[in-house]
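This one's a predicted model, so the numbers in the text were calculated from it and none came from an experiment.
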Amino acid sequence: NVAFTGFAVTLVGSGALSSSGTASGNLSETAGGTISEGSAGIQLTGTAGNTATFTVTGSGDDVDLGSGANDFNGEQATIQASGTGSVGNVRVVDTNAAFVPLTLPGPITSLVLSDSNAPITVAAGTFTGVGTGTNLAGTSSTLDVTAGGAITQSGALSVSGSTALDADGGAGDITLSNAGNAFNGDITVDGANVTLANMDSTTLAGAVTASNFTLDAGGDVTFGAASS
């Protein structure tokens, strides 16, 4: 694990790269393998306009920013691949009261987002699914979001495999109403007012809603265990 403290921090590794530390300016990490963290996590302490960029150069490399000590300070973070590289699974855990704004690359395998202190806006993306494997949190969900407030989206989501959404243990609203959404797998939601749009057939595996539930489906709707 590479420990760092500095203003503008740039780390480059020919293979996998694990790091933790504090940056008060821009943070840039590039690895020829998986990008991960030590238990101390990453703390960004800069001002508005600073950024964090995580770049993989290999094929299907994971980006695991899953430390519970992370504080991205509301700064823009970009996860990307360069050259012939591609990103596999992604996990981002934050503790700030404003969840890190994310930019994601083209298709990735799975996405796990968590911040117990903030609403979460899910960046537009295509998520191809873990198959018989697991995401970086160890579950079978392709898209797994646990927020300390509402869950919303910034663009259309295409999900192959299951989706699990938890908005503040059921106290927050879930609004994924983009008409371009394609959820091709079981959906489990725990929220107050829940609005989902899906251009495909929908399988609602579980829903715990405190108030209203609205579903706009482009095909058949199948219900599993549900309570309200």
Side-chain angles (χ1 to χ4, degrees), residues 1-47 49-83 85-105 108-123 125 127 130 133-148 164 166:
N1 184 72
V2 178
F4 62 86
T5 301
F7 177 64
V9 176
T10 300
L11 303 176
V12 179
S14 59
L17 175 62
S18 174
S19 70
S20 56
T22 301
S24 56
N26 294 333
L27 172 64
S28 175
E29 297 191 11
T30 302
T34 296
I35 292 177
S36 61
E37 299 177 288
S39 60
I42 292 172
Q43 293 80 44
L44 304 181
T45 61
T47 58
N50 286 346
T51 62
T53 305
F54 303 91
T55 305
V56 297
T57 61
S59 176
D61 290 330
D62 295 340
V63 177
D64 189 359
L65 308 176
S67 170
N70 289 339
D71 184 346
F72 290 102
N73 195 36
E75 298 176 28
Q76 179 70 43
T78 298
I79 295 171
Q80 63 186 13
S82 69
S86 61
V87 178
N89 300 286
V90 172
R91 174 169 63 162
V92 179
V93 175
D94 198 1
T95 59
N96 196 274
F99 184 72
V100 54
L102 283 176
T103 299
L104 298 173
I108 63 176
T109 304
S110 69
L111 179 65
V112 177
L113 304 176
S114 178
D115 189 337
S116 61
N117 298 314
I120 291 179
T121 298
V122 185
F127 314 107
V130 297
T134 63
N135 59 37
L136 292 174
T139 73
S140 60
S141 298
T142 298
L143 176 62
D144 193 318
V145 183
T146 303
D166 183 337

Determine, step by step, whether Leu17 and Phe54 satisfy the side-chain contact (heavy atoms from CB on, under 4.5 Å) criterion, reporting the C-alpha distance in whole Å, the side-chain angles of both residues, the deciding distance to 0.1 Å, and the verdict.
CA-CA 10 Å; Leu17 175 62; Phe54 303 91; over 6 Å; no
For a quick test of reading the model, state the closest non-hydrogen atom pair linking Gly15 to Ala31 and the distance between them.
O-CB, 3.4 Å
Contact summary for Ser20 and Asn1, nearest pair of heavy atoms
OG-ND2, 2.9 Å
Going by side-chain hydrogen bond (donor to acceptor under 3.5 Å, both in side chains), Ser110 matches just one of Asp144, Thr139, Asn89. Which one?
Asn89
Could you pull out the closest heavy-atom pair between Ala137 and Val112, with the gap in Å?
CB-CG1, 4.1 Å
Cut-off 3.5 Å, side chains only: do Asn117 and Thr95 have a donor facing an acceptor?
no
Evaluate side-chain contact (heavy atoms from CB on, under 4.5 Å) for Ile108 paired with Phe127, printing each intermediate quantity in order.
CA-CA 5 Å; Ile108 63 176; Phe127 314 107; 3.4 Å; yes
Could you tell me whether the side chain of Val63 reaches within less than 4.5 Å of the side chain of Val56, counting heavy atoms only?
yes
Does Thr109 form a side-chain contact (heavy atoms from CB on, under 4.5 Å) with Val130? I'd like the steps, not just the answer.
CA-CA 6 Å; Thr109 304; Val130 297; 4.2 Å; yes
For Glu75 and Gly46, which heavy atoms make the closest approach, and how far apart are they?
OE2-N, 3.1 Å
N/O donor-acceptor pair under 3.5 Å between Asn135 side chain and Ser140 backbone:
no
Spatial distance of atom CG (Asp64) from atom CG (Leu136) [nearest 0.5 Å]:
4.5 Å
With sequence neighbours excluded, residues passing side chain to side chain contact (heavy atoms under 4.5 Å, CB included) with Asn96:
Asp71, Asn73, Asp94, Ala98
Just by distance, no angles: are the side chains of Asp62 and Thr34 close enough, under 3.5 Å, to form a donor-acceptor pair?
no
Hey, are Thr103 and Gln76 close enough side-chain-wise for a donor-acceptor pair under 3.5 Å?
yes
Looking at every heavy atom in both Val9 and Ala23, which two are closest together, and how far apart are they?
CG2-CB, 3.9 Å
Pair Leu65-Val100, side-chain contact (heavy atoms from CB on, under 4.5 Å): steps then yes or no:
CA-CA 12 Å; Leu65 308 176; Val100 54; over 6 Å; no
Drop me the distance from Asn26's CG to Thr10's OG1, to the nearest 0.5 angstrom.
8.5 Å
Please tabulate, for the side chains in residues 35-45, all donor-acceptor contacts under 3.5 angstrom to protein atoms that are two or more places apart in sequence or on a different chain.
| residue | atom | partner | partner atom | Å |
| --- | --- | --- | --- | --- |
| Glu37 | OE1 | Gly66 | N | 3.0 |
| Glu37 | OE1 | Ser67 | N | 3.0 |
| Glu37 | OE1 | Asn70 | ND2 | 3.1 |
| Glu37 | OE2 | Ile42 | N | 3.4 |
| Glu37 | OE2 | Asn70 | ND2 | 3.3 |
| Gln43 | NE2 | Ala40 | O | 2.9 |
| Gln43 | NE2 | Ala69 | O | 2.9 |

Quick one: side chain to side chain donor-acceptor pair (under 3.5 Å) partners of Ser116, sequence neighbours excluded?
none
Starting at CG of Leu102, measure out to OG1 of Thr121 and round the result to the nearest 0.5 Å.
10.0 Å
Look only at the side chain of Ser86 and the backbone of Gly60, and say whether a donor-acceptor pair between them is shorter than 3.5 Å.
yes
Nearest heavy-atom pair of Asn50 and Ser24: which atoms, and what distance?
ND2-O, 3.1 Å
